[in-house]
Amino acid sequence: MQWLTCILVGLFASFLSVSMCVAVQPPDDGKLRVCVVESRGVYRKTPKFCPLLAAKSNIECVIGVDRLDCVRRIHKGTAHFGVLTSEDLVAARWASVEILVASELRSHESHFEYEIVAVVDNQANIHTVHDLRGARLCHPGYGLGNHWTEVLANYFEAAMVSKTCDPEMTVTEDRIASTAKYFGPSCKAGPWVPDPKQDRILKSRYPSLCQMCYEPDSCDQTDKHWGRRGALYCLTSGGGNVAWARLDDVRSHFGFSGIAPQSDPSDYSYLCPDGHLQPLNASQPCVWVAKPWPVVAARRTHAAQVQRLVTGLTHDEPDSWQNALLSLLETYHVFTVPLDNVIAIDDYLEQATAFQSAYSFPECNPPRSIVFCTTSIIQHIKCSWLQEASQVYGVQPNIQCVRTMDVQQCLDNTKFKETDVVLVDQEMRVKAQRDYNLVPLLYEFAADMHDRYVTIALVHKDARFESFRDLKGARACLPSYEGAAHLSVQETIVNATGKVQSLHSFFHRDSCLWNPQSGRKCPLHYQGDEGALRCLSEGADVAFLSSDMYKKYVAGNLTSNWLTPGNHKDFRVLCPYGGIEKRSNFVYCYLHWTTRGHLMTHNSSLTRRNEIYNSLRDMDQLFGRKYKSETRSFTLYGIFDKRNNVLFRDDTDGLLGLQELHRDNAKRVMEHIYDRYANTQYYRNFDDSGAMKSSHSLWVLLVCLLCAGGQQFA
């Protein structure tokens with residue numbers, strides 16, 4: 001019956017996801033609402049221009065978290081229009097959102113934001129596309145940021161080279177291997193994958209794709225042949241045969257835009273998709289793919305009105321509503337161009353050469369999607385929008401979202417590879433790793449220590465305790481069993497005393513340790529970090545809890561009934577390691593720290609783990625804190641549909657791998673503790689009296705712990 005339950009839950013989630021996105025006409029108060037997304041940087045335009053707009057017109061601002069948030073708001077009717085990119089329009093079309101395009105936002109007179117062409121050396125004996133096999137390809141490479149997306153960057157190869165869909169390769173390596181086999185020595189500098197180690201492995205495996213770079217050994221973003229102009233230098237002075245480049249860069253490089261030419265244009269030609277050549281001075285160069293301009297898009301009911309409104313907007317009068325509206329709409333664009341008629345998304349995108357076909361290349365069968373397990377309706381909806389956004393920006397393999405009843409079912413599904421990824425917190429980490437054989441892949445990292453789970457020891461101000469050893473026999477309060485605080489305390493006992501002891505033998509028998517097999521049965525209101533604090537306040541000697549909870553307590557941000565104002569002065573933080581903490585930059589002495597979220601996957605092949613890792617890191621780079629576009633397309637960490645901590649925590653700064661985690665300046669990250677606890681399960685070797693059942697196990701464990709502890713403090 002479990003399979004039937006899963007199907008019904010999935011159908012129910014899909015129904016609710018669709019129903020929540022159905023456009024419902026809100027009450028019409030006669031106002032027009034523009035959805036505005038702030039640009040990168042510290043400058044904020046909404047506080048300056050939105051009040052002016054509201055005061056002098058019938059238009060008011062709706063602040064969008066990102067551009068796809070504006071898509072949802074326009075669809076639901078809480079906003080009427082906003083600025084969207086061509087990628088946003090593709091995502092909106094895939095999500096069946098009905099939006100009409102009213103006007104374009106341009107920065108120059110060309111019909112498209114940019115067009116991409118193939119330029120060949122006339123001496124390379126390339127006369128048609130069939131002559132490209134074995135040619136020396138000059139490609140701008142990867143990591144160009146906002147200049148173009150992976151979809152457009154890879155269009156030339158996708159059109160020319162067939163995938164092998166080798167199951168022993170990641171999707172990325174399959175593409176790289178096929179390109180290396182099809183073309184001769186080439187240059188595709190920059191990061192091929194987000195992980196530097198994997199990047200080096202791939203470049204050593206397929207060195208021909210770095211052979212034409214100025215520095216083949218590095219093949220990175222500092223290379224002379226990397227970037228938009230780098231590909232053209234590779235062609236004209238580096239021995240390349242064919243370059244994939246933007247048309248405006250080609251015109252500039254060869255002297256057609258008023259700048260001195262870098263090479264003689266008569267020595268090169270455009271290679272056309274239909275197989276013929278054109279001279280570089282052609283008035284209508286043959287283009288392989290074009291990117292449409294950003295647009296002002298609107299609800300169908302308001303599209304014509306919006307088009308009339310934005311036509312002819314200028315900055316001529318600084319205090320006018322026209323100037324305010326144009327300032328809110330534009331980023332680097334300088335004027336609006338109305339379309340002849342408001343048109344549907346498909347009709348607008350179809351005007352750009354091959355833009356829509358760039359998203360229609362066949363994928364491997366069966367698909368290699370990364371199935372992400374969610375546990376609520378709102379998580380499922382956000383995951384689905386992340387899927388659309390990632391697809392638009394060329395993340396491969398992309399995620400596929402599945403909703404289950406709870407984290408427990410997600411763990412079970414991931415164990416049996418029905419899903420690929422589940423996000424657990426520090427409370428569930430041991431269970432996921434030990435009981436479900438899952439492995440950590442990435443970590444929800446926060447730069448602020450208080451946004452991590454940092455275990456501190458809190459005692460009464462006048463307590464006799466001066467070191468961790470003094471806590472022997474004390475009445476202790478833990479937030480949970482087998483959570484981060486529990487494991488941290490277990491490790492600290494060994495590090496501080498040099499002895500392996502159970503928590504029950506070290507602390508007083510009246511402690512709240514939450515072991516389901518033994519020990520005191522404590523009231524449920526002592527559970528959790530706040531519960532441990534309450535436990536201390538109501539008579540215990542020491543509480544182990546997160547620094548974040550104590551910070552909130554000291555600041556007066558906890559409002560529970562049991563709290564007494566000013567009580568925080570009755571407690572102090574106990575330093576477990578004495579003077580060693582003097583070198584810490586953190587405000588509190590602490591035991592250990594871990595991240596709040598842990599992305600776990602099944603124990604599958606290294607190839608599969610690598611491609612899951614790289615796709616999630618790609619999403620982090622595109623939609624996380626370090627996004628490179630002028631405005632956010634999608635927000636991975638932050639408010640979603642007016643809710644906090646959906647799918648990922650709002651205070652996450654990025655998804656990091658294990659090596660990056662260990663490079664953090666803060667000492668005593670808990671990963672080695674989780675691994676040892678989950679794999680050796682030494683806690684089960686204690687008998688009810690707290691003594692080790694096997695002296696051999698004791699010595700083996702003691703040596704392991706002390707060696708690890710020594711490495712921590714080295």
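Nothing here was measured: the structure is a model prediction, and the numbers come from that model.
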> To the nearest 0.5 Å, what is the distance between CZ (R643) and OG (S376)?
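If I round to the nearest 0.5 Å, the distance is 8.0 Å.
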
> Report the residue from T374, T414, N413 that forms a side chain to side chain donor-acceptor pair (under 3.5 Å) with T419.
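So the option named by the test is T414.
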
> Answer yes when E87 and K291 have at least one side-chain N-carboxylate O distance shorter than 4.0 Å, and no when they do not.
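Judged by the 4.0 Å cut-off on N to carboxylate O distance, E87 and K291 do form a salt bridge.
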
> Whether the Y393 and N398 side chains hold a donor-acceptor pair (N or O, under 3.5 Å, no angle test) is what I'd like checked.
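No, no side-chain donor-acceptor contact under 3.5 Å.
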
> Say you draw a straight line from CD1 of I99 to CD1 of I74; how long is it, rounded to the nearest 0.5 Å?
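It comes to 5.0 Å.
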
> Within the 3.5 Å criterion, strictly below it, is a donor on E660 or Y443 matched to an acceptor on the partner's side chain?
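Per modelled atom types, E660 and Y443 side chains form no pair under 3.5 Å.
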
> Work out which heavy atom in A358 is nearest to a heavy atom in V151; give both atom names and the distance.
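Scanning both residues completely, I find the closest heavy atoms to be O-CG1, 3.5 Å.
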
> Determine whether the side chains of T594 and Q426 contain a donor N or O and an acceptor N or O closer than 3.5 Å.
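No, no side-chain donor-acceptor contact under 3.5 Å.
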
> Regarding D174 and R368, does a basic nitrogen lie under 4.0 Å from an acidic carboxylate oxygen?
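Looking at D174 and R368, the cut-off is not met.
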
> Checking salt bridge (charged side-chain N to carboxylate O under 4.0 Å, His left out) between E444 and each of R429, R452, R649, which is the one that passes?
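Of R429, R452, R649, salt bridge (charged side-chain N to carboxylate O under 4.0 Å, His left out) with E444 is met by R649 alone.
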
> Determine whether D651 and Y637 make a side-chain contact, defined as any pair of heavy atoms from C-beta on separated by less than 4.5 Å.
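Not touching, per the 4.5 Å side-chain cut-off.
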
> If you measure from CG on D620 to CG on L656, what distance do you get to the nearest 0.5 Å?
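That separation rounds to 7.5 Å.
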
> Could you check whether D88 and T85, counting side-chain N and O atoms only, form a donor-acceptor pair closer than 3.5 Å?
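Distance-only check passes for T85 and D88.
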
> Which heavy atom in S390 sits nearest to a heavy atom in M619, and how many Å separate them?
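Looks like OG-CG, 3.4 Å.
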
> How many angstroms lie between OG in S369 and CD in E363, if you round to the nearest 0.5 Å?
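Spacing of OG (S369) from CD (E363) equals 6.5 Å.
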
> Once you round to the nearest 0.5 Å, how far does CG of D664 lie from OG1 of T595?
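The OG1 atom of T595 is 11.0 Å from CG of D664, to the nearest 0.5 Å.
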
> I'd like to check V242 versus W244 (side-chain heavy atoms, cut-off strictly below 4.5 Å). Are they in contact?
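The answer is no, as the side chains (C-beta and beyond) never meet within the 4.5 Å cut-off.
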
> With a 3.5 Å cut-off and no angle check, do the side chains of Q396 and D618 form a donor-acceptor pair?
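No pair is found: no donor N or O on one side chain lies under 3.5 Å from an acceptor on the other.
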
> Would you say the side chain of W226 lies within less than 4.5 Å of the side chain of D220, judging by non-hydrogen atoms?
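No. Closest side-chain heavy atoms not under 4.5 Å.
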
> Would you call R625 and D653 a salt bridge, using N to O less than 4.0 angstrom?
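Salt bridge between R625 and D653, a charged N being under 4.0 Å from a carboxylate O: yes.
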
> May I ask you to decide whether R72 forms a salt bridge with D69, counting only side-chain N to carboxylate O separations under 4.0 Å?
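Judged by the 4.0 Å cut-off on N to carboxylate O distance, R72 and D69 do form a salt bridge.
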
> Does the side chain of D66 reach to within under 4.5 Å of the side chain of T631, using non-hydrogen atoms?
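No - every pair of side-chain heavy atoms lies 4.5 Å or more apart.
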
> Taking all non-hydrogen atoms of both residues, which atom of E611 and which atom of T170 are closest, and how far apart?
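Here E611 and T170 meet closest at OE1-CA, 3.4 Å.
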
> Considering all heavy atoms of both residues, which atom of D451 and which atom of R596 are nearest to each other, and what is their separation?
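Scanning both residues, the minimum pair turns out to be O-CG, 3.1 Å.
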
> Between R246 and D248, is the closest basic N to carboxylate O distance under 4.0 Å?
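Judged by the 4.0 Å cut-off on N to carboxylate O distance, D248 and R246 do form a salt bridge.
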
> Does Y214 OH have over 12 foreign heavy atoms under 6.0 Å away?
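Not more than 12 within 6.0 Å, no.
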
> How about R617 and Y613: does a side-chain donor come under 3.5 Å of a side-chain acceptor?
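Yes.
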
> Please report the shortest heavy-atom distance between Q387 and Q400, naming the atom on each side.
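Closest approach of Q387 to Q400: OE1-CA, 3.9 Å.
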
> Give a yes/no on whether the SG-to-SG distance for C213 versus C234 is below 2.5 Å.
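No - the two cysteines, C213 and C234, have SG atoms at least 2.5 Å from each other.
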
> Taking the two cysteines C70 and C35, do their sulfur (SG) atoms come closer than 2.5 angstrom to each other?
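Yes - the two cysteines, C35 and C70, have SG atoms within less than 2.5 Å of each other.
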
> Centroid separation under 6.0 Å, is that true for the rings of W288 and F156?
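Yes.
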
> So how far is it from E388 CD to C383 SG, rounded to the nearest 0.5 Å?
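The CD atom of E388 sits 10.5 Å away from the SG atom of C383.
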
> Using a distance-only test with no angle check, is there a side-chain donor-acceptor pair under 3.5 angstrom linking T128 and H130?
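Distance-only check fails for T128 and H130.
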
> Heavy atoms, side chains only, cut-off 4.5 Å: are P440 and E671 in contact?
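In contact.
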
> Which pair of heavy atoms, one from A180 and one from S208, lies closest together, and at what distance?
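Looking at all heavy atoms of both residues, the closest pair is CB-OG, 3.8 Å.
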
> Provide the full list of ring pair (Phe, Tyr, Trp, His ring centres under 6.0 Å) pairs with a residue in residues 354-376, sequence neighbours left out, each pair given once.
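Sorted pair list: W94-Y359, Y155-F361, F355-Y359.
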
